[in-house]
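In what follows, chains carry the letters A, B, and so on, assigned in the order in which the sequence lines appear, proteins first and then strands, with residues in each chain numbered from 1. For clarity, every value in this text was computed on a predicted model and none was experimentally measured.
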Amino acid sequence: MNFRIDRRDLLKASGALAVTLATPSILRAQGATVKVGVLEPLTGNLAYNGTQSAAGAKFAADKINAAGGIKSMNGAQIELVVVDAQSRPEVAASSVDTLAQAGVVAFTGATASALGLASSQAAAKYDLAQVFSIGTAENIVQRGLPNVFRFTPGVNKCTSVALENLKLLNEGAGNVVKTAAIVHEDGPFGSNMAKIMAAELPKQGIEVVETISHPTPHRDFSNIALRVKASKADILIPSNYINEYTLMARSLRQQRVELKAIYSILGGAASNIKFVRENQEVAQYVMDCNHWYDPNKEDSKALAAAASAAGLDLTYDVMVSYATVQVIADSLERSGSDDRKKMLEALAASTFDQSIMPYGPTKFVNGDNVNSRPVNTQIRGEKIELVFPKEFASAEPVFPIPAK
Amino acid sequence: MKLQSAGQIALVVAACAYLLSVYLMSSPVWIGFTINALIVAIIALSWNITGGFGGMSSFGHAALYGTGAYASAILQVQFGVNAWIAFGFGIIAGAAMGGFIGALAFRYGLKGSYFALVTLAFAEVLRICASSFAITGGGSGLQLRLDPGVGTLQFPDRTVFYTILLVVVALVMLLTLLIKKSRFGAYLVAIRENEDAARALGIDTYKIKVQAMVISGAFGGLAGALYLQLFLFIDSTVVYGSAVSIEALIGPIIGGAGTVWGPLIGTLGLHLLSEGAKHLLPNAPGLNFVLYAIVLICAVRLLPRGLMGLAALFGTFNSRKDDDHA
Amino acid sequence: MLEVRNLSKSFGGLQAVSDVSLDVPEGSIVGLLGPNGAGKTTCFTMIAGFTKPNAGSVTFEGKDITGLPPHQICARGMIRTFQIVQPFAGLTVQENIAVGAYLHHHERQEAMALARDVGKRLGMGNMLDRPASSLTIAGRKRLELARALATGAKLLLLDEVMAGLIPSEINEIVGIIRQIREEGHTFLMIEHVMQAVMSLAETAYVLNQGKLIAHGPPRDLVKDASVVEAYLGHGAAARLQDEHHA
Amino acid sequence: MLEISGIQAGYGSMAVLQGLDLQVKAGEIVALLGSNGVGKTTLNNVISGFIRPTAGSVSFKGEVINGRKPSEIVAAGIAQVPEGRKIFPNLTIRENLRLGAYRRATARVEQNFERVCTIFPRLKERLGQSAGTLSGGEQQMLAIGRGMMSEPDLLILDEPSLGLSPLMVEEMFALITKINADGVAVLLVEQNVMQSLGVAKRAYVLEQGRFVMQGEAATLLADPQLRQAYLGM
Amino acid sequence: MSSLILPAVLSGLMMGAVYALIALGLTLIYGVLHIINFAHGSLLMLALFAVYFLNFYLGIDPYLAIPIVLPVFFALGYALQRGLISPMSSGSEQNVLLITLALSMIIDNLALYFWTSNTRSVDIPYAYDTVEILGAFLPLGRVIAFGAALAAAPLLWLFMAHTRTGSAIRAVAIEKRGAELVGIDVNHTYAVCFGIGTACVALAACLLLPTFYVTPQVGYTFVLVAFTTVVLGGMGSLLGALIAGLLLGVIESLCGLFLGESLGQIGIFVAFILILLFKPSGLLGKVGR
């Protein structure tokens with residue numbers, strides 16, 4: 001994504017400090033637009049995911065605007081207000097003030113749970129809806145905040161779906177997988193996932209022989225690879241971010257770890273096409289249970305085209321942000337107003353089923369979309385194929401990894 | 001308080017006017033932004049005790065801040081302790097951590113960059129520990145249950161929280177002033193200026209330095225515990241990260257280290273600068289930091305004694321050209 | 001009051017002070033003389049507790065204080081000053097003196113009052129509110145003296161308090177030291193300026209190459225051949241002798 | 001060769017030198033006498049470019065040099081052996097000496113090296129030893145030798161006899177004469193009055209930032225005022 | 001687990017070599033200029049990007065990029081010290097800290113702006129090649145880095161000991177006033193030293209990239225460990241940095257193995273604090289402060 005400042009922007013900006021901060025109403029009097037916030041970490045250590053998400057939101061807004069905007073509001077155009085959470089919770093919280101003052105009707109965000117917790121809490125004071133793109137930690141929806149809408153699945157659902165699918169795969173292959181090693185980052189989603197796995201895998205007849213947590217960033221995966229190798233696990237279940245995943249995949253290969261499958265859960269790299277491109281060999285047959293769109297929908301195809309035209313890798317961040325803006329737009333259609341309270345009501349009553357995600361009709365219970373679900377992807381050749389659930393699948397799963 | 005020049009008085013009046021104007025403007029952006037700045041100002045005032053008055057530059061004040069936040073959070077989340085008591089323990093824990101680091105570092109006479117690096121390392125060890133053990137919530141961090149009320153020290157009305165913060169900052173500054181005007185404060189300055197001469201005058205420099213770390217730790221713990229009550233969530237990077245340590249020292253140095261008003265004025269100034277940079281370059285995330293950093297470099301060059309030192313040059317009461325500190 | 005016995009110190013291979021013994025009776029002014037680099041200041045650092053001697057003992061008011069840290073020695077009533085005077089910048093003159101006064105007066109008001117008092121006694125009444133960094137060399141020397149006095153010390157170890165002063169200033173300081181002595185203080189002073197020592201001290205010790213080479217009344221010492229040679233260089237004594245005879 | 005006129009200088013607000021005039025002619029030894037804290041070292045720092053004078057000028061071989069960087073002043077031909085020697089203790093004696101020739105063409109370094117080794121045979125014996133292991137006197141010789149490596153026209157020695165044993169002091173002054181005999185002018189800053197006046201041609205006596213006496217060394221030696229200043233007699 | 005100890009020690013040594021390489025430049029700058037260079041991590045990141053782009057656009061192998069990247073980064077370091085750090089800091093330690101901090105902020109965010117926060121890694125044919133030593137498979141890239149670190153530290157040491165510039169740098173570090181008195185231009189020498197330190201970081205980047213990745217945030221991944229290495233080895237000691245780097249790599253690897261990877265870094269910092277408290281001058285340091 002390219003940001004350019006032209007002279008007009010600078011001129012406008014010189015007065016902006018006084019204007020936007022002190023007198024919010026001036027900017028709202030512009031007529032046929034409705035403002036939607038995008039709160040993402042565009043700088044700091046989460047910048048990659050934040051920037052991807054912001055791009056996804058922009059693609060969605062462009063698409064909706066091109067299709068005539070919000071029809072119930074006389075074709076009002078969606079104007080995105082993008083703010084940088086700087087990968088810091090306190091900045092995320094104070095950015096909500098900026099969004100509120102700019103007059104957004106709802107916002108999407110915020111990549112990491114720590115940022116989402118802070119922002120949604122701050123937004124609650126304004127009755128301002130936050131539609132979570134990514135926010136896997138379960139405590140996000142456990143605080144009873146009426147302005148929290150998590151469209152995508154949390155860690156619990158991701159893990160349980162991953163378990164179900166793993167069971168199907170393993171049964172289909174004649175239960176070849178008997179032992180598992182878990183490698184996860186030590187943050188909320190990794191730790192929680194590992195806990196659930198350790199409890200549930202034995203019920204499927206898979207013994208967890210090794211659980212290794214590691215910090216982010218982590219510089220060397222040789223030991224982890226060696227421990228996985230020594231554990232003689234049939235399957236490796238990793239859950240970590242792209243940088244660590246890349247290093248881990250390489251180390252596994254270098255240490256000649258023989259695995260029947262790599263089955264990651266919310267693995268930052270296994271469904272990242274960049275990883276596939278740069279690590280062709282080690283990426284083959286890796287499976288991931290993650291957020292992913294339904295590639296067959298028209299909007300999905302349009303998104304893929306838009307992303308490729310912008311020279312952007314189509315990661316799940318782009319997809320979910322696109323979808324959350326769709327959700328917000330649908331609620332706007334129904335509320336027909338830029339009133340925040342009405343927006344909350346509209347979201348709470350949402351049954352939207354036209355998003356690019358392979359979800360059923362939206363239904364928020366305590367802010368959690370009960371009809372969301374993760375899907376399974378598998379890396380095949382130079383592509384990421386969707387293998388589960390069957391109705392959206394673009395390819396048949398290969399499990400276990402065929403012997404060379 | 002004795003301010004030496006009209007320039008300094010103008011600066012202080014401007015800061016106070018700004019802080020009060022937040023009430024009048026009823027702008028949520030201003031109030032949110034100023035609340036963040038005030039919390040940073042407290043950790044800056046904490047750094048000012050050791051770094052400003054005592055001349056012991058720490059690069060790891062996050063160790064104190066994080067300890068205050070974690071102590072309070074652990075007591076509330078893991079043991080169900082009342083928020084007020086936990087808050088108090090946060091301050092005590094910060095003080096204890098300060099004393100511990102000081103006692104170890106000063107016993108072996110660590111000074112200058114050695115001391116700076118030891119404090120940096122302490123903060124880093126604590127960060128790693130906090131993300132590794134169950135009691136601290138590991139990598140997931142700790143979250144307080146959302147439960148507004150006086151009893152839980154959670155104030156959803158930000159004007160109330162802002163007022164509380166203003167009072168706390170005023171109290172910390174008052175304590176700073178009392179320290180500055182006390183035997184202890186004079187001893188600290190004496191140690192900063194010439195440790196041997198201080199020893200010769202009967203000052204137990206080791207004891208004074210450790211005491212300074214304890215006080216600084218209490219202020220740092222206070223800042224951390226306040227952060228917790230405001231955002232209700234902490235994790236190891238948020239409160240033990242190097243960003244906290246940097247913010248703790250950058251404000252006092254720019255504002256005027258070893259002065260009562262410098263840390264507050266420096267912190268407010270830097271936050272305004274950062275906010276201004278964000279608004280000047282709204283569509284270029286990252287470039288605002290570049291602008292901020294360039295201004296920071298210029299400030300370092302142009303303000304050898306910080307804003308308070310610069311202000312001292314304007315409208316001096318007596319014609320003598322003195323190099324006083326406020 | 002102060003008894004130093006067989007004090008020795010070496011740095012690396014260099015014997016800075018060897019086997020120095022001296023006595024300072026209560027109420028007296030004793031000089032410690034010698035050319036540059038003779039080991040005078042090293043003696044002071046050991047007596048005042050800044051460095052530990054390799055051998056020997058220091059007894060103050062009958063109690064062994066060898067190896068005690070400086071602040072404890074100061075609390076017992078003995079204090080040293082420094083050759084290169086560095087006032088605490090950032091504090092006023094009065095506050096500087098108060099740093100010394102705080103030793104036995106913990107309240108700011110008392111300490112500041114005492115500081116004012118001491119400052120006035122040393123003729124600094126009109127500069128109490130000035131920043132200490134603005135003082136001239138003579139002013140700094142007085143400040144150093146005032147700070148030391150304010151601690152309530154009984155024995156003052158003065159390190160070259162006259163160095164760098166012009167004769168009129170030296171006379172003033174000499175007057176002040178006399179006045180302080182009248183008030184019951186004792187002095188051991190390192191001096192390079194013989195003239196000052198002669199007019200103040202009853203006894204003096206001369207150090208050269210880390211060893212005591214002579215002691216006695218200053219007036220006798222300046223005639224001592226070894227002292228003259230130590231100061232003016234080899235051959236000086238003979239030359240003086242010649243002049244006397246000529 | 002060295003012309004100092006009307007020099008005033010100090011640190012911050014403290015004026016130390018209050019208008020000094022001094023000359024050193026080619027090939028001459030000039031002694032600068034005075035007790036502690038009168039400004040001798042400050043004057044040295046002005047000459048070698050560490051302190052900028054607030055008034056007056058320093059010229060060397062007809063060119064004004066105040067305001068130049070210390071390294072340029074060394075290149076111009078003034079070598080200073082400072083008080084406290086400032087040798088490089090962790091470096092070997094050979095390295096110390098070679099660094100002395102830092103601003104000289106490499107071709108002449110060997111030649112100068114030989115010359116210094118001839119003057120200081122004690123150093124030659126320990127070229128590989130680190131300088132910190134030398135005794136005080138030997139360190140002083142090394143400092144002078146290092147100064148000589150830059151082929152100076154003027155050598156400034158700040159208290160070379162400080163902390164040396166009497167025997168060593170004798171040797172040091174003998175060396176100074178020897179160096180001077182090679183045609184190097186010497187400005188000798190000393191407290192050792194007798195010995196200094198013994199080797200110097202002319203001398204200046206500094207007190208409180210002003211010269212109180214100056215003239216031929218022999219004349220000064222006989223002046224009772226000098227002894228008065230030093231011994232209080 | 002005992003069968004893993006030897007491989008863990010070996011892979012620790014390999015990682016430690018990278019720490020040592022990064023620390024070499026830092027210790028040189030610290031030892032001579034006595035400043036804490038907070039921009040060191042950012043310069044590493046910049047060098048990693050340089051190596052990456054040379055590979056991406058021109059197809060230059062990271063190892064073959066060494067003769068291109070090193071001189072460029074020497075010049076960059078020289079210019080930064082001469083043109084920015086020295087004139088802007090007015091000689092104050094605190095100011096240097098703030099300026100290098102600001103510098104790192106500028107470099108990091110410009111990188112983010114121009115190159116985005118994408119994770120990039122080079123695609124090289126030998127990426128997965130390994131060397132088998134005592135039954136352990138060691139990545140070829142790490143083994144090369146190990147060899148280079150073992151060679152670089154002594155080479156740098158030889159340069160310091162036996163060249164005119166090297167001895168001028170040492171002279172300035174030991175006795176600044178004395179150096180000025182023999183005619184060494186201290187500002188120039190400081191800048192040269194900063195340049196060499198920056199070139200060292202560039203070397204580390206060339207050796208690191210084949211086994212690692214680059215993002216605008218990657219500097220932080222290494223800079224704290226590099227500081228630790230410098231202090232542990234003794235400020236300014238090149239061989240100390242090498243030994244300390246290797247030692248830290250092994251400590252981290254073994255602690256990770258026995259305490260869990262999350263706690264692996266604790267070993268580093270515990271070692272750091274212990275060294276500071278009991279031998280403040282570091283393993284090979286001469287003088288404590």
Side-chain angles (χ1 to χ4, degrees), chain B residues 51 55 57 59 101 104-129 131-133 138-139 236 241-242 246 249-250 252-254 257 281 284-306, chain E residues 30 34-36 38 84-85 87-90 92-99 101-114 116-117 216 220 223-225 227-228 230-231 235 259-273 275-282 288-289:
Chain B
S57 283
F59 293 175
I101 295 174
L104 274 181
F106 299 133
R107 179 160 300 282
Y108 296 91
L110 302 183
K111 282 182 197 167
S113 43
Y114 279 85
F115 175 70
L117 284 170
V118 172
T119 51
L120 182 89
F122 265 108
E124 198 54 22
V125 169
L126 290 170
R127 188 187 65 73
I128 294 165
C129 291
S131 59
S132 309
F133 296 111
S236 58
S242 53
I246 289 168
L249 65 92
I250 196 167
I253 295 177
I254 292 298
L281 299 163
L287 284 196
N288 52 325
F289 289 110
V290 175
L291 180 65
Y292 174 88
I294 290 171
V295 176
L296 180 63
I297 290 178
C298 297
V300 167
R301 180 76 184 87
L302 299 173
L303 305 173
R305 274 154 192 225
Chain E
Y30 204 135
H34 307 293
I35 62 173
I36 299 180
F38 264 88
L84 183 80
I85 298 170
M88 294 311 254
S89 64
S90 340
S92 136
E93 215 172 283
Q94 256 179 6
N95 287 353
V96 170
L97 163 74
L98 289 190
I99 285 172
L101 212 59
L103 182 62
S104 94
M105 225 185 248
I106 292 173
I107 297 175
D108 290 358
N109 285 291
L110 283 179
L112 180 70
Y113 181 72
F114 287 112
T116 75
S117 51
Y220 297 102
V223 73
L224 282 173
V225 182
F227 276 120
T228 318
V230 166
V231 181
M235 311 245 181
L259 301 177
E261 295 295 326
S262 285
L263 280 166
Q265 295 173 50
I266 282 191
I268 293 186
F269 290 99
V270 169
F272 175 52
I273 286 170
I275 280 285
L276 274 168
L277 293 180
F278 297 106
K279 193 174 184 302
S281 56
R289 214 192 301 183

Part of B/Leu291 lying under 4.5 Å from any heavy atom of chain E: neither
Under 4.5 Å from a heavy atom of chain E, the part of B/Ala105 involved: backbone
Closest non-hydrogen atom pair between B/Ala293 and E/Ala102, with its separation: CB-O, 3.4 Å
Minimum heavy-atom distance between B/Pro285 and E/Tyr113, given as atom pair plus value: O-CD1, 4.4 Å
Less than 4.5 Å to any heavy atom of chain B: does that hold for the side chain of [X], its backbone, both, or neither?
X: E/Pro87; answer: backbone
X: E/Leu101; answer: side chain
X: E/Ile268; answer: neither

Partner residues of B/Tyr292 under the side-chain hydrogen bond (donor to acceptor under 3.5 Å, both in side chains) criterion, sequence neighbours left out: none
Gap between atom [atom2] of [Y] and atom [atom1] of [X] - 0.5 Å precision:
X: E/Thr228; Y: B/Glu124; atom1: OG1; atom2: CD; answer: 8.0 Å
X: E/Gln94; Y: B/Ile250; atom1: CD; atom2: CD1; answer: 11.5 Å
X: E/Leu224; Y: B/Ser242; atom1: CG; atom2: OG; answer: 6.5 Å
X: E/Ile106; Y: B/Ile297; atom1: CD1; atom2: CD1; answer: 4.0 Å

Interface residue of largest heavy-atom contact number with chain E, from B/Val295, B/Leu296, B/Ile128, B/Val125, under 4.5 Å: B/Ile128
With sequence neighbours excluded, residues passing side-chain contact (heavy atoms from CB on, under 4.5 Å) with E/Ile36: B/Phe59, B/Ser113, B/Leu117, E/Tyr30, E/Phe38, E/Phe227
Test item: E/Leu97 and B/Leu249 side chains (from C-beta on) under 4.5 Å apart, heavy atoms: yes
